[in-house]
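Numbers restart at 1 for each chain; the letters A, B, ... are given by sequence-line order, proteins then strands.
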There are 6 protein chains.
Amino acid sequence: MKQNVETFIGCDADYAAARIVLFGAPFDSTTSFRPGARFGSAAIRHESFGLETYSPYQDKDLEDISVFDCGDLELCFGSAESALADIEKTAAQIVNDNKLPLLIGGEHLVTLANVRAVLAKYPGLHIIHFDAHADLRDDYLGAKLSHACVMRRCFDLVGDGRIHQFCIRSGERSEFAFAKEHTDMHPFDFDGLEALTAQLKKDNTPVYLTVDLDCLDPSVFPGTGTPEAGGVTFPQLLTSLLLVSRTNVVGADINELAPMLDTSGASTACACKVLREMLLALY
Amino acid sequence: MKQNVETFIGCDADYAAARIVLFGAPFDSTTSFRPGARFGSAAIRHESFGLETYSPYQDKDLEDISVFDCGDLELCFGSAESALADIEKTAAQIVNDNKLPLLIGGEHLVTLANVRAVLAKYPGLHIIHFDAHADLRDDYLGAKLSHACVMRRCFDLVGDGRIHQFCIRSGERSEFAFAKEHTDMHPFDFDGLEALTAQLKKDNTPVYLTVDLDCLDPSVFPGTGTPEAGGVTFPQLLTSLLLVSRTNVVGADINELAPMLDTSGASTACACKVLREMLLALY
Amino acid sequence: MKQNVETFIGCDADYAAARIVLFGAPFDSTTSFRPGARFGSAAIRHESFGLETYSPYQDKDLEDISVFDCGDLELCFGSAESALADIEKTAAQIVNDNKLPLLIGGEHLVTLANVRAVLAKYPGLHIIHFDAHADLRDDYLGAKLSHACVMRRCFDLVGDGRIHQFCIRSGERSEFAFAKEHTDMHPFDFDGLEALTAQLKKDNTPVYLTVDLDCLDPSVFPGTGTPEAGGVTFPQLLTSLLLVSRTNVVGADINELAPMLDTSGASTACACKVLREMLLALY
Amino acid sequence: MKQNVETFIGCDADYAAARIVLFGAPFDSTTSFRPGARFGSAAIRHESFGLETYSPYQDKDLEDISVFDCGDLELCFGSAESALADIEKTAAQIVNDNKLPLLIGGEHLVTLANVRAVLAKYPGLHIIHFDAHADLRDDYLGAKLSHACVMRRCFDLVGDGRIHQFCIRSGERSEFAFAKEHTDMHPFDFDGLEALTAQLKKDNTPVYLTVDLDCLDPSVFPGTGTPEAGGVTFPQLLTSLLLVSRTNVVGADINELAPMLDTSGASTACACKVLREMLLALY
Amino acid sequence: MKQNVETFIGCDADYAAARIVLFGAPFDSTTSFRPGARFGSAAIRHESFGLETYSPYQDKDLEDISVFDCGDLELCFGSAESALADIEKTAAQIVNDNKLPLLIGGEHLVTLANVRAVLAKYPGLHIIHFDAHADLRDDYLGAKLSHACVMRRCFDLVGDGRIHQFCIRSGERSEFAFAKEHTDMHPFDFDGLEALTAQLKKDNTPVYLTVDLDCLDPSVFPGTGTPEAGGVTFPQLLTSLLLVSRTNVVGADINELAPMLDTSGASTACACKVLREMLLALY
Amino acid sequence: MKQNVETFIGCDADYAAARIVLFGAPFDSTTSFRPGARFGSAAIRHESFGLETYSPYQDKDLEDISVFDCGDLELCFGSAESALADIEKTAAQIVNDNKLPLLIGGEHLVTLANVRAVLAKYPGLHIIHFDAHADLRDDYLGAKLSHACVMRRCFDLVGDGRIHQFCIRSGERSEFAFAKEHTDMHPFDFDGLEALTAQLKKDNTPVYLTVDLDCLDPSVFPGTGTPEAGGVTFPQLLTSLLLVSRTNVVGADINELAPMLDTSGASTACACKVLREMLLALY
């Protein structure tokens, strides 16, 4: 008899054989409004068994690719720096083994740890950011390490013009002003993504993709801490993921599913489907 | 004083006078993921009192047509064959009395029983199938009678080219391959429905319409066992129902509302509205 | 130390300085289906702290305008007339102080009290009405003061051709017939609003805007007592609010959020955002 | 085929044969805190199918007694007096037909209508009242007809010493003072009930029993608008019902189940069981 | 890196070393009322991480004993016999390896499969049964294999006087009559358990313990399909488990947690604690 | 017109006149399992309006005492030390003004800040601790400032024999061992409290009372992050609060209500009632 193993559906490759490695960061200590993103990665893994491994959109099947899922890290609540350090350590191992680290949050702050690890290997990294919120505050109630500051912290690492933001529809006035100076922001939707990805592909630029699932409209994805009306649809997100997948993606994450907030399960099912499409597209 | 009678709103005709007969099949034993469709028919009936009898879309009123609602069958849980036999028996009586049997699920498997009864009278029957899922597996974990196999079982009855599938966006690779050979599948949306219904109308082909409500996008209809992102909107479904209603519809069902999964009540309210529009269109 | 003050985010002006006054009417006694709108105003105020004060849609910030929020009235349940009298009294004070009374419901019936107060000052008032339901019944189970009759009662006050209804998709046949005779009804969506607001602006007509949030599609706004499939999107509503804001709006309300019905919080968050946009547009 | 009839389980006697008549009053317009009791009677009827007809506590079976269930009245929301008049009319008919009217609320105010009808026939009526709340206010925010005043209104009808209150653990100081003068109040539990019922039985006094289900501890019965910690257990309530049933009970009600507030269904199941035991005991 | 392993907390022994083997049967196809017990075993495993491994009641620690958890079986929905066969096969392997099979349901019917396997090795087996329901029907709507018949099917295997039932407070009159003839029934509570276990211990009788968690009062355990008021408390259940553990227990199960029905998580947490105490007591 | 003020019911004294000051610490960043305690204080304040100001248990009324409620602090998520510093600062001001600081959590860690402030003024302080959990770990996944360590941190401040723990029924073996050496632990219930409070009163020892509401049984109080079966009842807690109130209580808190986890509202209502009784007893 074998012990009980639980992975995202169809992601049962050996580590050595895998080109993509899934790992979860069940952390949401800095969430300022409605917590629960800590349960996101486990829910995605658990509920993936309601999903097919085959995608009719891409005519591809998870059973035909090699993905390894090492489960969730055990992270310290109450200390953001300590949690980030643990995430970065795992991400670095994956990157150093020449695999794509696909992190499942948790709150958006966890992105910072994965970006740190990927950037160490790919100094020319650009970041494509799908989100309802700008996440560009310099601090939030005094904290530099907050989900509301994560893209600002990424900016501290990569500098001007290398963060490309889409679907943004919420933030302080000062964040929008900062974006005008320092990032490539496309508010409300995915306008401009096609041109961007064409250019990045042409230059073979290494790309990190971070998907805050609240870029989706709350009608599609209510199960998140800070739902923002006026978001994109699932087909729009899917099309955009496929566009990004044509570039040289070297690291990625999806985050901010708070499964308990949508008791229907539709948000978790949607997150599972987004992850399946990402895996199939990025492989 | 009279005993408490509960029917779908406005459906209080005598049986003899009725041209359409509503009956519920509160069964979901083969549901493999999230059960609860067993409560669908009772919820639709109960919550219909929040609905108007008048449709501004069709400018028709339930009060002007004759529909009989005999309530829910009492079905055996744990034995699919036994439940199907009981449903078929009632359906056959309705069909033999020259009325249109409009079955309210329950899980999608119940369709098979209604189709059997209708097909016995209309051997040339075609089936129009709105669904997120192909439902074309030959078996599911060994079971031939499963919600995941229902259209395959219907195929066993009607054969090649007589099942017309719309909105399909989930299934195993082999189901999509089967569809290519044996059914008329239109993935993702209703493309092709207008041409199809024009042809069926021209030929006066008897038509069975099965509506798995999860063809709707989960934003509109989260209250179902296996919500699949990327579905159609309510206005798209309504338009499609009106197209189908122009053909010679001789049997129909709606299924897969699991009311407890959407505590807001919006899914149940939506199902009620779909049913009202179906009744008004099919009459 | 100061006592705990709770207002809608950014609405902390002095009464004297304020041009808009927010006040809540936590009343839903006549709700015939699913109650809970009584909790709408408090939830909007409380959950507004998850919202930014800045609108990227209008490039305006609540911190730059002066709004006063006096909280919720204490209303008598079980007597509609008594509750309406109390609301009207507060509204009249605000109007007489030359401020715009922005009422937060509560059920839709509360609109009547605010309209009475505003009409007393602006006899030429027109009413723009966004709603899924016609609300034109003469009585509901004998009650003249019911949420289902509120626009009929407003009609009793303003007469033919001065009520402009949009997004309407539910009602009895007789309500649609009444509308044909007496109101300016635009079913299903906002078609015709641009022309109407252009005319009203040209004439400098005083306008009252009543927004029943169930005009929104239930996918966007399930947290309401009577969700009606087939509604408008948030961006459509936003565009329409901006159109109306170009006219001479002298009173307004939003109503029918029943926050407990949407446990995800997305409906409440949406209502907060609608209110922020209204405040910024009407100022 | 027969139309769909829905009664409380096992209560399918003819009206003529029945000794007890169930009827529902789905009214909660005066509820000042959390509404939803309007759904109580329908939920009790609907969910009773999860209950056995046999009681091992009393070794009796609903199938052996004759109860008629005429369903829910259609009541006007927003006007307490009008709703009470309609309830009283039905109650009077039942009483005049020499049957025991067993009313299912709804909020507690509905008791007043049933008491009026019963008192008209039995002028010497005493009232036994199980409740967490004293319900002895003279008015509530100006309303005389409020759930918070219902026992005071009953007092207006029957006068000093004829209302016997048990389990009371909440009220204003003035209500407890009033009780000291005018009612027979037993706070917190059922102490004194045995002696009381012995005396009432000896005198063959006609008794009305009103059971506000929130007398139960919220652990047992959270599904109510105003849960009050420190209540009685189900076995304590059952024992007390049996004590009361030895007296000459000529009218009764249970009320204040708000089924949506307890999504587990345990509160509704408990109410069903209380009603079964009441029916078997009072028959 | 290791694949993600998920077991009940502290149950990470090798199979060879383990004296107790946990296995889950996520099946609820015959549930006649509210389904969801299929999710019980996974929820218990997943939520066990909120529990300590140490029991202050027994002063024992899961870290000091050897338990193996092989996870959930993949069972066919819709065919009770097929599911039972699969469960029995696994149970037989565990029994034949001289380990105690501790089955986690799922609905109560799954007990039958475990009993079959254990009985094959221990023909003198007695069954101790904690439950709110008698489960002694001969069939349920025609089905012999139903959760409502499970103890009757066990009776068919072991015969008169070898099933000892406690806490029973619901059933048809005929089930109580059957119990009087054929089983050792102790209604309502654990009266008689001490004497019984003393005798069974003295005789070294092999014992199977089946715990339907709905023996607990719904206040403690609302998360179950058919909550029955009037049950036992957690300390009472704990004391009784310790009494049973003194006998020669050779097989056991806990069942009927339906985690989605108690969104607070308290029922699942309670089930986890019951399982911890069972493991520590039976080891 | 006045701005909207929201305080706990009846707590509207001037700061100067108040003998008790309520303040909320909406913090739960270190919660390791189910978060949401951050919403506890606001929920208690908001829902208190369903409570009476009068206590029939103590025959006292909040309207007769002077309590000030300054609302919730705005705390930084993600940094426990920073949040504790902010809480301590407010507590110190209250203590220095010779008022009793009554802190409403938030997670249990917030107690540490209040204890620090009170201890600074009362070096001989003893702590009475009601809780399901020992909270005596030296660290939790590396974090010294964690809800699981709060009493250990208090121990670091006050030393041996000055922490008196009641109702404890969960912890690691090492925590129970630590308690044996260093604290005065009374597992499971309130045994020993009467003797303790008599002694503390006799010595006029300054006492800090910390009430983790999960000491209550989950049946009574499911709305908490880590519900532990086997707790005390509300009347037992009430009796114990009255015992403690006879001593010289100089600081206190209640914590760990996570209101979203109990959608019935019963847990929040219970917390409100506990707080009312504490206020009346400690005044």
How about the chain A/chain C donor-acceptor pairs under 3.5 Å, what are they, with distances?
from	atom 1	to	atom 2	distance (Å)
A:R34	NH2	C:E47	OE1	3.2
A:R137	NH2	C:E52	OE1	3.0
A:R137	NH2	C:E52	OE2	2.8
A:R173	NH1	C:D64	OD2	2.9
A:R173	NH2	C:D59	O	3.0
A:E228	OE1	C:K273	NZ	2.6
A:A229	O	C:K273	NZ	2.7

* Asked: Below 4.5 Å, heavy atoms only, C-beta onward: do C:V220 and C:L237 meet side chain to side chain?
  -> no
* C:I44 side, atom CD1; C:L257 side, atom CG - distance, nearest 0.5 Å -> 5.0 Å
* Structure fact -> If you tally heavy-atom pairs under 4.5 Å between each of C:G265, C:A269, C:P222, C:C270 and chain A, the highest tally belongs to C:G265
* Can you name the nearest heavy-atom pair linking A:A258 to A:G225, along with the distance? -> CB-N, 4.4 Å
* Asked: Do the non-hydrogen side-chain atoms of A:Q199 and A:L196 ever get within less than 4.5 Å of each other?
  -> no
* **Distance in Å, C:C167 SG paired with C:F188 CZ, rounded so as to fall on 0.5 Å steps** => 11.0 Å
* Taking atom CG of A:L112 and atom CZ of A:R152, what is their separation to the nearest 0.5 Å? -> 13.5 Å
* **Passing candidate, side-chain contact (heavy atoms from CB on, under 4.5 Å) with C:F130, options C:I168, C:I254, C:L193** => C:L193
* Structure fact -> Of A:G223, A:P227, A:P187, the largest count of non-hydrogen pairs under 4.5 angstrom with chain C goes to A:P227
